[in-house]
A.B. asks: 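Got a structure for you, written out below as C-alpha cells; questions coming shortly.
Remember, it's a predicted structure, so these values are computed and weren't measured experimentally.
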Amino acid sequence: MIDIQDVRAAATRIGSRVRSTPVLQVGPSLWFKLEQTQYAGSFKTRGMINQVLAAGPLPPAGIVAASGGNAGLAAAYAARELGIAATVFVPVTAPPVKVAKLGKLGAQVTQIGSEYAEAYTAAVEHAASTGALFCHAYDDPHMVAGNGTIALELLDQIPSGFDTVLVAVGGGGLIAGMIAALSPTVKVVAVEPETSSALHAALAAGTPVDVPVSGVAADSLGARRAGQIAFDLARTFDIPSVLVGNQAIIDARRALWDDYRLAVEHGTAAAYAALTSGAYIPAPNERVVVLICGANTNPADLA
C-alpha cells in the first residue's frame with residue numbers, strides 16, 4: 001500500500017519539475033490550496049511526471065494516456081518537458097478548451113467515445129500495438145505518490161496545522177495520494193458529484209463497481225469505476241465520503257470566482273461545494289483546507 005515514504009520518494013524524484021503552489025487563507029480556519037496554478041493547470045502534472053520518471057528508459061513510441069482532459073494535459077506537458085512523444089485519447093465530450101490545449105502542448109490527440117472508459121480502452125490498445133508506455137490517469141502507485149506531494153507542501157505551508165482536507169474525487173488518484181501522505185493524523189474527506197460517484201459507490205459495495213456518469217463535472221470527475229489504490233486506502237483509513245449536486249457545484253464555482261476571483265473547472269468546485277452546500281459541516285474551530293485542483297475551464301460563463 002502507498003504510504004508517506006512513497007510520497008517523499010516522489011518528491012525527490014520530481015524535484016523542481018513542478019511548481020510549489022500557494023496557499024490562500026480565506027478565513028480564521030479555512031484555507032485554499034491553489035493547485036490549479038500547477039503546470040498544465042492541474043494536480044495531475046505531479047503524478048504524471050513521477051510516473052514517467054519512475055518508468056526508466058522509455059520506448060521510442062513515447063507515452064500514451066487516456067483522459068477526460070487533465071491527465072492528458074499532464075501527460076502532454078511531461079512529454080514535452082522530457083523530450084518524448086505523447087499520444088492522448090479523450091472522449092468526444094472533452095471540453096474544447098482542454099482539447100485545444102493538448103494540441104498546443106504537442107500531443108497527438110484522438111477523440112473517441114463519450115466517456116473516459118472508452119478512451120481508456122483505446123489507449124490500452126494503442127499501447128499494445130505501438131509499445132508506448134501506458135500512463136494511467138489515476139490507478140498507478142507512482143501517479144498516486146506524485147499527487148501526494150501536495151500534502152507535503154501543505155504541512156510546510158500551514159505550520160499551525162490543519163484538521164481536514166476536502167478533496168474532489170473522480171477515479172481517486174488525488175485523494176489516494178492525500179490519504180497516503182496525511183492519514184491518520186489529518187482527516188481526508190472525499191467529495192463527489194451525485195451523478196458521478198465511483199468511490200462513494202465502491203465504499204458502499206465493499207469493492208470498486210461501475211457507476212453511471214453524467215453531470216456538469218463529468219469531464220474531470222467522470223470515472224466509471226474508482227481505482228483500486230484509492231479504494232484500498234479509503235477503506236483502510238475509513239475516509240468520509242460526501243456527495244454534492246450539480247447545482248451546488250455550479251454555485252460553488254461561481255462563488256469561487258465572485259468572492260476570490262478563482263476561475264476553476266466544475267470538478268474542482270465540487271470540493272468547495274461540500275462546504276457551501278452543507279454536505280460537509282465542520283465542527284467548531286475545525287481547521288479545513290479545500291484543495292483547489294484544476295483550472296482547465298472556459299471562463300467565458302464567469303464574466
Side-chain angles (χ1 to χ4, degrees), residues 1-7 10 30-33 35 43-44 46-47 137-141 143-155 158 161-211 217 220-244 248-249 267-275 277-283 286-294:
M1 186 173 293
I2 309 301
D3 62 20
I4 185 65
Q5 298 306 322
D6 298 299
V7 176
L30 180 62
W31 294 262
F32 292 159
K33 174 61 167 167
E35 187 63 15
F43 72 93
K44 286 182 180 285
R46 296 174 184 264
Y138 52 89
D139 200 26
D140 174 89
M143 186 75 176
V144 167
N147 296 337
T149 60
I150 297 169
L152 301 183
E153 290 180 9
L154 277 173
L155 292 169
I158 309 178
F162 49 96
D163 304 302
T164 304
V165 182
L166 301 178
V167 184
V169 179
L174 176 56
I175 196 166
M178 299 302 288
I179 296 169
L182 295 173
S183 295
T185 56
V186 173
K187 180 168 61 174
V188 181
V189 179
V191 185
E192 295 172 89
E194 293 173 350
T195 54
S196 300
S197 55
L199 183 60
H200 190 85
L203 293 171
T207 188
V209 293
D210 285 349
V211 297
S220 56
L221 304 183
R224 191 185 295 175
R225 178 182 288 242
Q228 189 68 44
I229 298 172
F231 170 74
D232 288 342
L233 284 163
R235 182 173 61 172
T236 297
F237 290 99
D238 195 23
I239 296 303
S241 172
V242 301
L243 301 179
V244 292
I249 294 171
T268 291
Y272 189 46
L275 292 179
S277 71
Y280 183 81
I281 301 176
E286 181 177 351
R287 298 164 299 175
V288 177
V289 175
V290 179
L291 189 43
I292 310 294
C293 60

A.B. asks: Of all heavy-atom pairs between A168 and G267, which one has the smallest distance, and what is that distance?
C.D. replies: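 For A168 and G267, the tightest heavy-atom pair comes out as CB-O, 3.3 Å.
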A.B. asks: Where is the tightest heavy-atom contact between L203 and I239, given as atom of each residue plus distance?
C.D. replies: CD1-O, 4.2 Å
A.B. asks: Donor-acceptor check, side chain of T149 to backbone of G146, threshold 3.5 angstrom: yes or no?
C.D. replies: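 A pair under 3.5 Å: yes.
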A.B. asks: Looking only at non-hydrogen atoms, find the nearest pair between N147 and K44 and report the distance.
C.D. replies: OD1-CA, 4.1 Å
A.B. asks: Which heavy atom of V188 sits nearest a heavy atom of S183, and at what distance?
C.D. replies: CG2-OG, 4.1 Å
A.B. asks: Is D232 reaching over with its side chain to a backbone N or O of I229, donor-acceptor style, under 3.5 angstrom?
C.D. replies: no
A.B. asks: Strictly distance-based, threshold 3.5 Å: is any side-chain N or O of D163 a donor or acceptor partner for the main-chain N or O of E286?
C.D. replies: no
A.B. asks: Is the backbone N or O of P208 less than 3.5 Å from a side-chain atom of R225, with the two atoms forming a donor-acceptor pair by type?
C.D. replies: yes
A.B. asks: Given 3.5 Å as the limit, does a donor-acceptor pair link the side chain of T268 with the main chain of G294, or not?
C.D. replies: yes
A.B. asks: Would the distance check show the side chain of E192 and the main-chain N or O of V242 forming a donor-acceptor pair, the cut-off being under 3.5 Å?
C.D. replies: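 No; judged by distance alone, with no hydrogens or angles, the pair does not exist.
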A.B. asks: Given L233 and M1, is the side chain to side chain contact (heavy atoms under 4.5 Å, CB included) satisfied, shown in steps?
C.D. replies: CA-CA 8 Å; L233 284 163; M1 186 173 293; 3.4 Å; yes
A.B. asks: Hey, could you give me the CD1/OH distance between I292 and Y272, rounded to the nearest 0.5 Å?
C.D. replies: 8.5 Å
A.B. asks: I would like to know whether V290 and K33 meet side chain to side chain contact (heavy atoms under 4.5 Å, CB included); could you show each step before the answer?
C.D. replies: CA-CA 6 Å; V290 179; K33 174 61 167 167; over 6 Å; no
A.B. asks: Kindly determine whether D6 and V144 satisfy side chain to side chain contact (heavy atoms under 4.5 Å, CB included), including the steps that lead there.
C.D. replies: CA-CA 9 Å; D6 298 299; V144 167; over 6 Å; no
A.B. asks: For residues M143 and A137, report the shortest heavy-atom separation together with the two atoms involved.
C.D. replies: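 Closest approach of M143 to A137, heavy atoms only: CE-O, 3.3 Å.
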